[in-house]
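Each chain gets a letter, A, B and so on, in the order the sequences are listed, and its residues count up from 1. Values below: all heavy atoms of this structure, side chains included; hydrogens, waters and symmetry mates excluded.
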Protein chains: 2
Amino acid sequence: MGRTSDGHTEGRRERKRRQTRERIEQAAMSLFLERGFDATTIEDIAARADVSKRSFFDYFPSKEEVVFAWQDGFADRMMTAIAARPADEPAVKAVQHGLISAIVLAADERAMALGELVRNTPTLRARDQLKYAKLEGKLTEALRLRARSEEERRRMRLLAAVVMSALRVGGEVWNQEPPGTSLEAFAHRFFGSFWKSLGEFSDEAEKTDQKIPSVMAESAR
Amino acid sequence: MGRTSDGHTEGRRERKRRQTRERIEQAAMSLFLERGFDATTIEDIAARADVSKRSFFDYFPSKEEVVFAWQDGFADRMMTAIAARPADEPAVKAVQHGLISAIVLAADERAMALGELVRNTPTLRARDQLKYAKLEGKLTEALRLRARSEEERRRMRLLAAVVMSALRVGGEVWNQEPPGTSLEAFAHRFFGSFWKSLGEFSDEAEKTDQKIPSVMAESAR
DNA sequence: TGATAATGTTGCACTTGATGCAAATATTCA
DNA sequence: TGAATATTTGCATCAAGTGCAACATTATCA
């Protein structure tokens, strides 16, 4: 009997299940890239993966979910990477490095093709946005595991949100970047300018403002 | 013949069309609130609005879109409100005030009920996230109309993104707030602490960092 | 006013995504 | 091997959404 990476034994049953899932995913992805998402039916996918149409839904809850199946793995790697950062590192740096290392690992050709597919398939836009929301949730979790005070826990929710903004906008800028650029270097540069911009926004706001008690800190009425 | 608010004549045809649309929207919303989104079929809606199932799709492209039909009006009001801010006001303040005034106008009972509906209808989560993306696009537009340099235009994309973060997180915090709180006051307090937090994130990042050229400014390779 | 063009509405047939269920098949393990 | 368990499949069914052609209403203008 085979064994999975975490030492848990994997019988024929589990192995076949995993293989079938992979077969379906690959069949679907190749069809999506060939004909487009909308022009591919579940029957097409099932046929190429050599399973029944009904079985498709035993592995994926919907056609859309196949496109975003990679997400869970990505989120896990991101969480692990953040957890691995030194405990005394400031949160902003821990996310930046953790996120970037997860991105660099994930950003292969397949991922790029997938991004393009999503970008020119209007049907997928809503589900694509949900991706960020899910990731934001995971990011909040990961950051809160490091938080050392209630106050910091609250701030982490906000940090996760703005980091997702960085990811979104960074992605856009990256897509306009000439090909051949190093993704990792780009990402660090982008984050650098991102933090700087946040500071500028903050300064602009302060200039015209009197001090205001934090609404996150206490439930001020 | 009647006239619309913008002086354009409205014949029977246009008037009936508008009325039918409103009837469908109300029929749908009342059914959604009574039975839930998933438990309501298009035929139910069509029946209550007294049109054929086929006609429903003449007015709305899908069941989901009815729930988010208010969005266009909101975005327009937001853009108008921002455009109405003094030209020399810093961008951060212009968005804050513009956005808040649009929110205060929109936040009636119906909107709150709708928010709750969306929150406990998993089917709508993806489309709900798309709402923010669309709004972010409009916000970027509105801000860029005020921008006075290319550099500022680029920064506005980022500002729009982080402001949407504020909207998202602010909404969450607001929903945990005791009822009876003034929304407008809350929103201003929240934005105050938001800008402050951005500054803190920025400072935390600077502490551990050397200077980095802005990647937004030039297409540095 | 009345003919005609333009637009709106409806019914109908059809495709596809998705779900429940029960029969058939494969796998595990004592 | 054979009983228990899990997987796969086919089939029926529902609901969302689209194209199309027939029909109804409204607008236009000679």
Once you round it to whole Å, what is the distance between [atom2] of [N] and [atom1] of [X]?
X: K53(A); N: dG17(C); atom1: NZ; atom2: C1'; value: 7 Å
X: D58(A); N: dG20(C); atom1: CG; atom2: C1'; value: 12 Å
X: I45(B); N: dA15(D); atom1: CD1; atom2: P; value: 12 Å
X: F57(A); N: dT13(D); atom1: CZ; atom2: C1'; value: 14 Å
X: E43(A); N: dC11(D); atom1: CD; atom2: P; value: 12 Å
X: Q19(B); N: dT25(D); atom1: CD; atom2: C1'; value: 15 Å
X: R23(A); N: dT7(D); atom1: CZ; atom2: P; value: 15 Å
X: F56(B); N: dG8(C); atom1: CZ; atom2: C1'; value: 17 Å

Using a 4.0 Å heavy-atom cut-off across all strands, classify [X] as base, sugar-phosphate, or nothing.
X: K63(B); result: sugar-phosphate
X: S55(B); result: base
X: Y59(A); result: sugar-phosphate
X: T123(B); result: nothing

- Pair D128(B)-K131(B), salt bridge (Lys or Arg N to Asp or Glu O under 4.0 Å): steps then yes or no: CA-CA 5 Å; D128(B) 188 47; K131(B) 173 186 78 184; 2.9 Å; yes

- Distance below 4.0 Å between K16(A) side-chain N/O and dT27(C) OP1 or OP2: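 Affirmative; the distance criterion is met.
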
- Query: Mind checking whether F194(A) and F190(A) have parallel, tilted or perpendicular rings, split at 30° and 60°?
  - Reply: parallel

- Enter the distance from R125(B):CZ to L130(B):CG here, rounded to the nearest 0.5 Å.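 Separation between the atoms: 14.0 Å.
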
- Side-chain donor/acceptor contact of R54(B) with base of dG8(C) under 3.5 Å: no

- Query: Please, which pairs that meet salt bridge (Lys or Arg N to Asp or Glu O under 4.0 Å) have at least one residue in residues 53-66 of chain B, sequence neighbours excluded?
  - Reply: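 Listed by first then second residue: E65(B)-R127(B).
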
- Note on the structure: Contacts of A81(A) meeting side-chain contact (heavy atoms from CB on, under 4.5 Å) (sequence neighbours excluded), chain-then-number -> S101(A)

- Item | First encountered from the 5' end of DNA chain C, between I42(A) and R17(B) | R17(B)

- Message: Side chain of T41(B) only, heavy atoms from C-beta on: which candidate in dT9(D), dG17(C), dA15(D) is closest?
- Response: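 Of the options given, the side chain of T41(B) lies nearest dA15(D).
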
